[in-house]
Amino acid sequence: MFSLLKDQRVLRRDILASLVVFLVALPLCVGVAVASGVPAELGLVTGIVGGLVVGFLPGSSLQVSGPAAGLTVLVYEAVDEFGIGALGAIVLVSGLLQLMLGALGFGRWFRAISVAVVQGMLAGIGLVLILGQVYAMADTAQPSGGLGKVTGLPGLIGEIFTNGTALTAFLVGAGTVAVLVVWPRMPDRVRVVPGPLAAVALATGATLLFDLPLAKVEVKGLLESIRPPGFDDFGQLVGVAALGTVLAFTLIASAESLFSAAAVDRMHDGPRTDYNKELMAQGVGNTVCGALGALPMTAVIVRSAANVQAGARTPLSRILHGLWLLLFAALLPAAIGVIPLAALAGVLVHAGCKLVPVRDLLPLYRDHRGEAVILAITAVAILVTNLFEGVLLGLLLAVVKTAWEISHLHLDIRELTGGRLVVSITGNATFLRLPRTLEQLESLPKDRPIELDLSGLRHVDHACRIALENWALRHNDAETEPVRMHPPNVT
């Protein structure tokens with residue numbers, strides 16, 4: 001890195017890229033924190049750690065870490081169930097687990113997670129995020145649970161049309177979403193300002209100009225918001241629910257970070273990601289964030305893509321973006337307090353919509369129907385139950401689908417001179433195909449000589465081997481030659 005920074009052009013591009021990433025990260029850090037039910041400053045703390053700590057560590061040179069919309073739902077549920085004090089303990093233990101997994105070389109195995117499950121996870125998070133933040137756009141309390149949010153929509157619509165304050169807030173939030181939608185189509189000289197910053201700035205300006213009675217972000221101060229976890233907070237982790245939350249934080253944050261790293265690697269020609277080192281870097285970051293009582297971090301594709309597209313060449317850009325966040329939080333904390341919550345909710349509704357792959361779903365269903373079904377079921381399960389259970393169901397379905405697909409069996413029946421039947425079975429014989437295979441075998445006549453040729457099988461599990469041997473012993477009539485079986489050439 002330091003040899004590259006001797007080139008003034010590289011140094012200048014990295015500094016400019018860091019400013020772009022800072023402007024993208026600022027509203028997202030605040031918005032994710034507010035949506036997670038914690039002080040806005042804790043989102044900035046996580047962004048600062050992502051820059052000034054993780055930025056120095058090896059792994060992915062251009063990937064940017066911070067609080068992510070993808071963990072908002074899980075964090076909100078954790079804070080609601082265990083309290084904000086326990087959040088730091090959960091994040092810290094999750095960071096230590098990430099460190100251990102990276103040291104043991106598990107980083108590359110996260111790449112083996114089914115893409116359909118990951119997309120379904122993100123889609124489910126997006127749906128819950130949209131349904132939750134659409135209430136925040138109207139300055140209205142959101143119901144608990146995914147189904148509660150869905151069934152509460154008619155009441156929300158009624159509130160918007162009958163309550164002037166709710167209508168005003170919703171229009172500000174909707175205007176924020178509209179700016180984010182049209183911003184990519186604006187001229188290049190306008191798009192120098194990142195879309196999220198422009199949308200929040202315009203909404204804040206309109207709120208101040210017209211003196212709109214909207215709820216604003218509460219500001220406590222950076223140092224006042226930091227609350228390291230105590231012994232009592234760690235004591236809450238002994239329950240099954242808390243341990244499940246820790247595991248969910250660890251797996252989801254790790255998977256999101258490493259999938260983001262793979263995406264960032266496709267965007268540039270620089271050094272490739274070392275997945276184990278990147279997982280350990282994320283572990284260090286989350287350990288520090290947990291010690292400070294802040295939000296969990298992941299590598300964030302929005303900030304990482306902005307970093308690459310802004311021309312960054314070295315890790316300096318992501319390090320400096322953390323410095324700019326620190327200076328802003330220390331010198332201009334009051335600037336956060338004028339931001340309307342409805343505008344931040346609009347930013348997160350837009351982020352949630354981008355997590356739901358609506359355009360890709362129909363082509364995926366046409367080409368890979370099973371993958372589309374897994375994606376949809378995972379997303380709906382997350383909405384109906386919770387993030388952890390939804391992802392577990394998706395992984396289970398992916399395993400079952402894979403097992404079903406690789407257990408292909410082909411049964412061929414030939415008749416020889418004299419009426420002898422030769423039945424050849426090829427493929428992979430697993431218990432998943434056993435019912436159909438036995439039905440076909442049992443339909444064969446019992447009064448003719450039969451040869452069962454299993455030499456073409458590539459795999460035979462124990463259940464199939466026993467079932468086929470029992471069929472061969474019992475199928476033919478007593479006065480007919482017993483079934484002759486040619487055993488498979490596998491163990």
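Values reported hereafter were calculated over all heavy atoms of this structure, with side chains retained and with hydrogens, waters and symmetry mates removed. Numbering of residues begins at 1 and proceeds along the displayed sequence.
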In Å, rounded to the nearest 0.5 Å, how long is the span from CG of Leu28 to CG of Leu344? 9.5 Å

For Ala203 and Val172, work out which heavy atoms get closest and say how close. CB-CG1, 3.9 Å

Donor-acceptor contact below 3.5 Å, side chain Arg318 vs main chain Val64: no

According to side chain to side chain donor-acceptor pair (under 3.5 Å), who are the partners of Asn307, at least two apart in sequence or on a separate chain? Ser317

Under 3.5 Å: donor-acceptor pair, side chain of Asp233, backbone of Ala89: no

Separation between CG of Leu62 and OG1 of Thr314, rounded to the nearest 0.5 Å: 7.5 Å

Are Leu127 and Ile382 close enough that some pair of their side-chain heavy atoms sits under 4.5 Å apart? no

Donor-acceptor contact below 3.5 Å, side chain Asn276 vs main chain Gly107: yes

Taking the side chain as C-beta and beyond, is there a heavy-atom pair between Val384 and Leu147 under 4.5 Å? yes

Distance-minimising heavy-atom pair for Gly285 and Val54: CA-CG2, 3.7 Å

Quick one: does Leu42's side chain get under 4.5 Å of Ile84's, heavy atoms only? yes

How about OH on Tyr365, more than 12 heavy atoms from neighbouring residues, nucleotides or ligands closer than 6.0 Å, or not? no

Give a yes or no answer on whether the side chain of Gln133 reaches the backbone of Val349 with a donor-acceptor pair at less than 3.5 Å. no

Could you state the interatomic distance from CG (Leu57) to NZ (Lys277), rounded to the nearest 0.5 Å? 11.0 Å

If we only count heavy atoms from C-beta on, is the Pro357 to Leu375 side-chain gap below 4.5 Å? yes

So, do Leu87 and Phe82 sit near enough that their side-chain heavy atoms are less than 4.5 Å apart? no

Under the salt bridge (charged side-chain N to carboxylate O under 4.0 Å, His left out) definition, can you give me all pairs with a residue in residues 370-384, not counting sequence neighbours? Glu371-Lys401

Using side-chain heavy atoms (C-beta onward) and a distance below 4.5 Å, is Pro296 in contact with Thr46? no

Pro58 backbone acceptor or donor facing Asp274 side chain under 3.5 Å: no

Starting at CG of Leu171, measure out to CE of Met137 and round the result to the nearest 0.5 Å. 9.0 Å

Taking Lys149's backbone N and O only, do any of them form a donor-acceptor pair with Tyr135's side chain (distance below 3.5 Å, no angle check)? yes

Using a 3.5 Å distance criterion without hydrogens, assess whether the side chain of Asn286 forms a donor-acceptor pair with backbone atoms of Met297. yes

Would Phe249 and Val75 count as a side-chain contact (heavy atoms from CB on, under 4.5 Å) if you check the C-alpha gap in whole Å, the side-chain angles of each, and the deciding distance to 0.1 Å? CA-CA 9 Å; Phe249 269 63; Val75 173; 3.9 Å; yes

Would you check if Ile336 and Phe328 make a side-chain contact, meaning some heavy-atom pair closer than 4.5 Å? yes

For Ala463 versus Phe431, what's the shortest heavy-atom pair and its separation? CB-CB, 4.2 Å

Set of residues satisfying side chain to side chain donor-acceptor pair (under 3.5 Å) with respect to Ser18, sequence neighbours excluded: Trp324

Where is the tightest heavy-atom contact between Gly37 and Tyr76, given as atom of each residue plus distance? N-CD1, 4.1 Å

Evaluation steps, side-chain contact (heavy atoms from CB on, under 4.5 Å), between Leu243 and Leu247: CA-CA 6 Å; Leu243 292 176; Leu247 185 61; over 6 Å; no

Any chance you could measure Leu214, atom CG, to Leu341, atom CG, to the nearest 0.5 Å? 9.0 Å

Side-chain contact test, heavy atoms from C-beta onward, threshold under 4.5 Å: evaluate it for Val34 versus Ile339 and give yes or no. no

Heavy atoms only: give me the nearest Ala312-Asp14 pair and the separation to one decimal. CA-OD1, 3.3 Å

For the residue pair Gln98 and Ser254, confirm or rule out a side-chain donor-acceptor distance under 3.5 Å. yes

Side-chain donor-acceptor pair under 3.5 Å between Ser65 and Gln282, yes or no? yes

Which atom names give the shortest non-hydrogen contact between Gly346 and Leu180, and what distance separates them? O-CD1, 4.2 Å

Determine, stepwise, if the pair Cys353 / Ile130 fulfils side-chain contact (heavy atoms from CB on, under 4.5 Å). CA-CA 7 Å; Cys353 290; Ile130 293 166; 3.7 Å; yes

Leu153 vs Val134, side-chain contact (heavy atoms from CB on, under 4.5 Å): CA-CA, chis, key distance, verdict: CA-CA 9 Å; Leu153 289 177; Val134 76; 4.2 Å; yes

Is a donor on one side and an acceptor on the other found under 3.5 Å between the side chain of Ser257 and the backbone of Thr298? no

Distance, nearest 0.5 Å, that separates CG of Leu44 from CG of Leu295: 10.0 Å

